[in-house]
Amino acid sequence: MHNLFFNSKAFCLLIIFTTISSISCSKRKGCTDINSIKYDSEAEVDDGSCIYGGDNGHNSITIYLKGRLEAVINKSNYLDSAYVKFNAVEFPNAVYPFGGDPSAYDKIYVGIVGDSTVTVSGLKKGKYAIY
């Protein structure tokens, strides 16, 4: 009888220890990529839930061009442009002045002659650097 009591007590302690060990060793899962709109700063293991921006979406941004508080009109010999970097939290190659090297961006949107805007259209929900 004493041996049976000891074995059941040891078995209970083993189950409690195993349960505590498995709970304390589990790591929080989530999106670990800072460039994703689903980024979870507390996640330790990436679970594949990251979502990224890009084109072929339904969102648009209109950029109003101004110089010295006056509208800048796009001319046929000089069309203003917007450079867009998808999934970015900062400007790429910031060693270049004013927003980085244009070749480091993913897409260029060009203004229309006579307009004082550049429209960045067809974006998915996401993070972007726009110059």
Q. So which heavy atom on Ile63 is nearest to which on Ala82, and how close?
A. CD1-CB, 3.7 Å
Q. What orientation do Tyr131 and Phe91 show, parallel under 30°, tilted 30 to 60°, or perpendicular over 60°?
A. perpendicular
**Q.** Donor-acceptor contact present, side-chain Asp47 to main-chain Ser49, <3.5 Å
**A.** yes
Q. Are any non-hydrogen side-chain atoms of Leu65 and Val118 less than 4.5 angstrom apart?
A. yes
Q) Do Lys85 and Asp106 have side chains that get closer than 4.5 Å, going by heavy atoms? A) yes
Q. Say you draw a straight line from NZ of Lys124 to CG of Asn56; how long is it, rounded to the nearest 0.5 Å?
A. 6.5 Å
Q) Tell me, do Tyr52 and Asp33 make a side-chain contact under 4.5 Å, heavy atoms counted? A) yes
Q: Check whether any side-chain heavy atom of Thr32 sits under 4.5 Å from a side-chain heavy atom of Glu44, and report yes or no.
A: no
Q: Could you tell me whether the side chain of Lys125 and the main chain of Ile51 form a donor-acceptor pair under 3.5 Å?
A: no
Q: Decide whether Val84 and Ile37 are clustered together by the hydrophobic rule: side chain heavy atoms of Ile, Leu, Val, Met, Phe, Trp, Tyr closer than 4.5 Å, transitively.
A: no
Q | N/O donor-acceptor pair under 3.5 Å between Asp55 side chain and Gly122 backbone | A | no
Q: List the atom of Gly53, the atom of Asn87, and the distance in Å for their closest heavy-atom pair.
A: N-OD1, 2.7 Å
Q. Minimum heavy-atom separation for Lys75 to Val113, with atom names?
A. C-CG2, 4.2 Å
Q: Could you tell me whether the side chain of Asp40 and the main chain of Cys31 form a donor-acceptor pair under 3.5 Å?
A: no
(Q) Do Ile34 and Ile130 sit in one hydrophobic cluster, given that two such residues count as connected whenever their side-chain heavy atoms are within less than 4.5 Å of each other, even indirectly? (A) no
Q: Keeping the roles fixed (side chain from Thr119, backbone from Ser121), state whether a donor-acceptor pair exists under 3.5 Å.
A: no
Q: Kindly compute the distance separating OG (Ser41) from CZ (Arg28), expressed to the nearest 0.5 Å.
A: 7.5 Å
Q. Taking side chain as C-beta onward, heavy atoms only, is Lys107 less than 4.5 Å from Phe86?
A. yes
(Q) Would you say that more than 12 heavy atoms from the other residues, nucleotides or ligands in this model lie under 6.0 Å from the CD of Glu90, or not? (A) no
Q) Among the clusters formed by ILVMFWY side chains lying less than 4.5 Å apart, do Ile112 and Leu79 turn up in the same one? A) no
Q) When you measure from the side chain of Asn74 to the backbone N and O of Thr117, does any donor-acceptor pair fall under 3.5 Å? A) yes
(Q) Within this structure, what is the CG-OH distance for the pair Asp115 and Tyr64, rounded to the nearest 0.5 Å? (A) 10.0 Å
(Q) Please identify which of these residues, Ile61, Leu123, Val89, Val120, meets the side chain to side chain contact (heavy atoms under 4.5 Å, CB included) condition with Tyr128. (A) Leu123
